[in-house]
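Notes follow once the structure below has been shown.
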Protein chains: 2
Amino acid sequence: MARWIDGCQYNDTMPEDPDDGCHPGPTGGLPPERADSLAATFAALGDPVRLRIYSLILAGGEICSCHLEGPVGKSQPTISHHTSKLAEAGLIVGEKRGRWTWWRAAPGRLPESLAALGLPRATGR
Amino acid sequence: MARWIDGCQYNDTMPEDPDDGCHPGPTGGLPPERADSLAATFAALGDPVRLRIYSLILAGGEICSCHLEGPVGKSQPTISHHTSKLAEAGLIVGEKRGRWTWWRAAPGRLPESLAALGLPRATGR
DNA sequence: CAGTGACATCGATATTGGTCAATGTGAAGC
DNA sequence: GCTTCACATTGACCAATATCGATGTCACTG
């Protein structure tokens, strides 16, 4: 009925006690300051408008701010606001050429963040 | 001085015009409703407290809510609020056993989201 | 050098969201 | 059945932020 593993009793009818000494409690996990910086990266992608902008940049390789307003359907100041946020998060980099600002994806930024999370494995394919 | 590629002029001194016909404009990118759902997933990880909780769950495999308050340093309602958000985003799943709720990571949820983004390549090693 | 176009910044507003005290709910234990 | 415990829910408060009109800045154009 009761199974014993490593000195800990496991019973099918009784729920185990988190504090029975058999559950070591939380270990590992991200240190607070690391969590802050990582969360900022994810928060930058946590807005639908920014996510669309980012995906358009990923798809196009390089794109001008003036080509974002239309597809995204937001005003110019709003687009500017969101590109700034993405750049601040280190996800994209901008280059001013003449009157236009061209945006590219910062290579490796997102994979780095995911690796820091200690995910078992990222996408196959 | 001027280079011609595919019928488009590229000049080192003059910045190119986004609307010269050589830049096709934005193509692809996430459809709005897909962006909404994806952004929700990222937004769930966009808070330092939730990110710490999620990383603790990833590290521990399974963890009780009562073991989160301490390391995270937030009140019980706040912890409950954040675990709800993570569960709502489909990143973790909870199981009630007796008085305690045990949380596990929903396998594959995050990689799916990243694949939808069409990232060039996920983390190497 | 005056005009125009692209983008950034500012100011204001409305909404969202994180936090906690207080309270509710449901399961164990006596 | 009463008490206790773990967790969820509610309500309120405050901070952060998404949005846009108005304005500023800077590069090119004529």
Side-chain angles (χ1 to χ4, degrees), chain A residues 11 13-20 23 25 32 35-36 39-40 42-54 57 62-70 72-89 92-103, chain B residues 11-20 23 25 32 35-36 39-54 57 62-70 72-89 92-103:
Chain A
N11 194 309
T13 59
M14 292 291 175
E16 68 267 44
D17 182 348
D19 294 317
D20 59 4
H23 297 82
D36 284 0
F42 285 118
L45 295 175
D47 181 272
V49 172
R50 279 197 294 271
L51 200 54
R52 296 197 61 198
I53 292 178
Y54 186 60
I57 294 175
E62 188 177 58
I63 198 171
C64 165
S65 284
C66 57
H67 280 166
L68 289 173
E69 273 181 62
V72 171
K74 297 291 173 184
S75 72
Q76 178 268 321
T78 299
I79 298 291
S80 178
H81 167 71
H82 286 304
T83 49
S84 288
K85 286 269 189 177
L86 284 170
E88 191 182 340
I92 65 176
V93 291
E95 183 189 353
K96 299 206 69 168
R97 293 207 289 270
R99 289 197 280 226
W100 299 282
T101 302
W102 296 86
W103 297 101
Chain B
N11 193 311
D12 289 337
T13 59
M14 291 294 176
E16 68 267 44
D17 182 347
D19 293 317
D20 58 4
H23 296 82
D36 284 1
T41 302
F42 285 119
L45 295 175
D47 180 89
V49 172
R50 279 196 293 272
L51 201 54
R52 296 197 61 199
I53 292 178
Y54 186 59
I57 293 176
E62 190 179 57
I63 199 170
C64 167
S65 284
C66 58
H67 280 164
L68 288 173
E69 275 180 60
V72 171
K74 296 291 173 185
S75 71
Q76 177 269 321
T78 298
I79 298 290
S80 177
H81 167 71
H82 287 303
T83 48
S84 288
K85 287 267 190 178
L86 285 170
E88 190 181 343
I92 64 176
V93 289
E95 183 189 354
K96 300 206 68 168
R97 292 208 287 270
R99 289 198 282 227
W100 300 281
T101 301
W102 295 86
W103 297 100

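So that the names make sense, note that chain A is the first sequence line, chain B the second, and so on, each numbered from 1. As a basis for the values below, the full set of heavy atoms in this structure was taken, side chains included, without hydrogen atoms, waters or symmetry mates.
Comparing C:dA28, D:dC7, D:dT19 by their closest approach to the side chain of B:R99 singles out C:dA28. Proximity note for A:C64 (side chain, C-beta onward) versus D:dT9, C:dC7, D:dT17: the nearest is C:dC7.
Note on A:T78: a base of the nucleic acid sits closer than 4.0 angstrom, heavy atoms only. Counting non-hydrogen atoms under 4.0 angstrom, A:K96 reaches nothing in the nucleic acid.
Place B:H81 and A:Q76 on DNA chain D by their nearest nucleotides, and B:H81 ends up nearer the 5' end. For the pair A:D47 and B:S84, both in contact range of DNA chain D, the more 5′-proximal nearest nucleotide belongs to B:S84.
C:dT15 atom C1' lies 12 Å from atom NZ of A:K74, rounded to whole Å. Whole-Å rounding puts the B:W100 CH2 to C:dA27 P distance at 14 Å. Computed from coordinates, the A:R97 CZ to C:dG5 C1' distance equals 18 Å when rounded to whole Å. Across the protein-nucleic acid pair, B:R50 atom CZ and C:dT19 atom C1' stand 12 Å apart, rounded to whole Å. Nucleotide D:dT17 holds its C1' atom 14 Å from the CG atom of A:L86, rounded to whole Å. Distance B:H67 NE2 to D:dC7 C1': 14 Å, rounded to the nearest Å. Taking atom CD1 of residue A:I63 and atom P of nucleotide C:dC7, one finds them 11 Å apart after rounding to whole Å. For the pair A:K85 NZ and C:dT9 P, the computed distance is 13 Å after rounding to whole Å.
When every heavy atom of B:A89 is checked against every heavy atom of B:A44, the shortest pair comes out as CB-CB, 3.6 Å.
Rounding to the nearest 0.5 angstrom, the gap separating the CD atom in B:E88 from the OG1 atom in B:T41 is 10.5 Å. Here the CZ atom belonging to B:R99 is positioned 11.0 Å from the SG atom belonging to B:C64, to the nearest 0.5 angstrom. Rounding to the nearest 0.5 Å places CD1 of A:I63 at 4.5 Å from CG of A:L68.
One finds no side-chain N or O of A:S80 lying less than 4.0 angstrom from the OP1 or OP2 phosphate oxygen of C:dC7. A sub-4.0 Å separation between OP1 or OP2 of C:dT19 and a side-chain N or O of B:S75 is absent.
The shortest distance between side-chain heavy atoms of B:H82 and B:L86 does not fall below 4.5 Å.
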